[in-house]
Student: 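Could you have a look at this structure, given as structure tokens, before my questions?
Each chain gets a letter, A, B and so on, in the order its sequence line appears, and its residues count up from 1. None of the values given here were measured: they were computed from a predicted structure.
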Amino acid sequence: MSVVLTERARILRVHRRISNEPENPSKIMGFLFPITKGMTVLDALLWVKEHKAQGLAFRYSCRMGICGSCGILINGEPELACETQITALSGDAIEVAPLPNFPVVRDLVTEFQGFFSHHTWVMPYLIRRNPVETGERELLQTEEEKLRYYQFTMCIMCGLCNAACPIVGVDQEYLGPQALTQAYRLAVDSRDEGWSRRKASLDTVHGCWGCTVAGSCSAACPKGVDPALAIQLLKRKVLLRFARER
Amino acid sequence: MGGLNLGESTLQLVNYLMIALILVALPLHFATHAFLGVTSQEESLTYDSVIGRYRASATVILLAALLTGASYHGLYGLRKILLEVSSGHRWDRVVTMGIVAAGILMLGWGLSTIIVAVTGT
């Protein structure tokens, strides 16, 4: 059956997979969908799920680029489906696939357990030598102190940076750009006193020294965070601490 | 680093120092073959010229520095590549110890060659 494409219709080519098992390789299925004004890739996926393939699995929540749930590979680039306009993509067909460097649960849904465990590994919370005082008084800081880490608080944990990172793809132990960025965010926070506890996990070949500065994490981030910069600053911080401590 | 308990920053810092050492030693090494005390590169490669330079302590220090810097820098890079190939503490330890052993062999062999040339034994 031939498909007639008009200006108001395009094909969504979806990589579908039942599970991550090798005996279940992914297959690509094409779906013709109508374009509406302001339509995003997430809208197209929802249209396909409603009209063509009810079993299609993908993750989403806020639909406005805040929750970070709908990260997928769109035409080979890691993007948020809710922030990618259909009209901004060239070609008759739009190819969507699950994020690379993450195990596939089903279709476009990927497993984030390893991602979250790496995030947890860097202790992504304020650490004080005297934890009781945090409940008793405010920890004040100047505007300048806040700006040292502010951009890195914009992370929504969508995982696009880890999907784009070539090192995450080959080294399962590598903490990854997201976790390392959060480690740096806390390392330069004037209120935090947990550097000595975090340093051991960061100062390893699977920590900040695993980064080869490909820079793809920064290019992929939908929130304008620069993880590659954070990791290089983290390296400098580790080395400067090294000089001070020895 | 394996059982030596060195932070990765220590190894990285040494790596940076070795890069600086190579950047200084390599141009000097080329210069000794091009215009420092020789009329041409062909002349610098003759047996007498080579042995003559080995008898000069500055050249010996230069060659030893170059050997040390290049060996460390190369093996450190190789270690990082190998650590990405697989994962696990056991693999990390095997790779690191293997690289340390290879470094000791390379430096031992290279330095012994320099010493033999210097002493003429």
Student: Would you give the length of the straight line joining atom CG of B:Leu11 to atom OG1 of A:Thr204, rounded to the nearest 0.5 angstrom?
Tutor: 11.0 Å

Student: Side chain from CB out, backbone as N, CA, C, O: work out which of these in B:Glu84 comes under 4.5 Å of a heavy atom of chain A, or both, or neither.
Tutor: both

Student: Under a 3.5 Å distance rule, please check whether B:Glu8 uses its side chain to pair with a backbone N or O of A:Trp209 as donor and acceptor.
Tutor: no

Student: Rounded to the nearest 0.5 Å, what's the gap from NE2 on A:His206 to OG on B:Ser87? Could you check?
Tutor: 7.5 Å

Student: Check the surroundings of atom CD in A:Glu145: do more than 12 heavy atoms from other residues, nucleotides or ligands lie under 6.0 Å from it?
Tutor: yes

Student: Okay, side chain of A:Asp203, backbone of B:Ser9: is any donor-acceptor separation there less than 3.5 Å?
Tutor: yes

Student: Counting heavy atoms not belonging to A:Phe116, are there more than 12 under 6.0 Å from its CZ?
Tutor: yes

Student: Taking the side chain as everything from C-beta on, heavy atoms only, tell me whether A:Glu173 gets closer than 4.5 Å to B:Leu83.
Tutor: no

Student: Side chain, backbone, both or neither: which part of A:Leu202 has an atom under 4.5 Å from a heavy atom of chain B?
Tutor: neither

Student: Which residue out of A:Val170, A:Asp171, A:Ile167 racks up the most heavy-atom pairs below 4.5 Å with chain B?
Tutor: A:Val170

Student: Using a cut-off of 6.0 Å, state whether more than 12 heavy atoms not belonging to A:Tyr150 lie near its atom OH.
Tutor: no

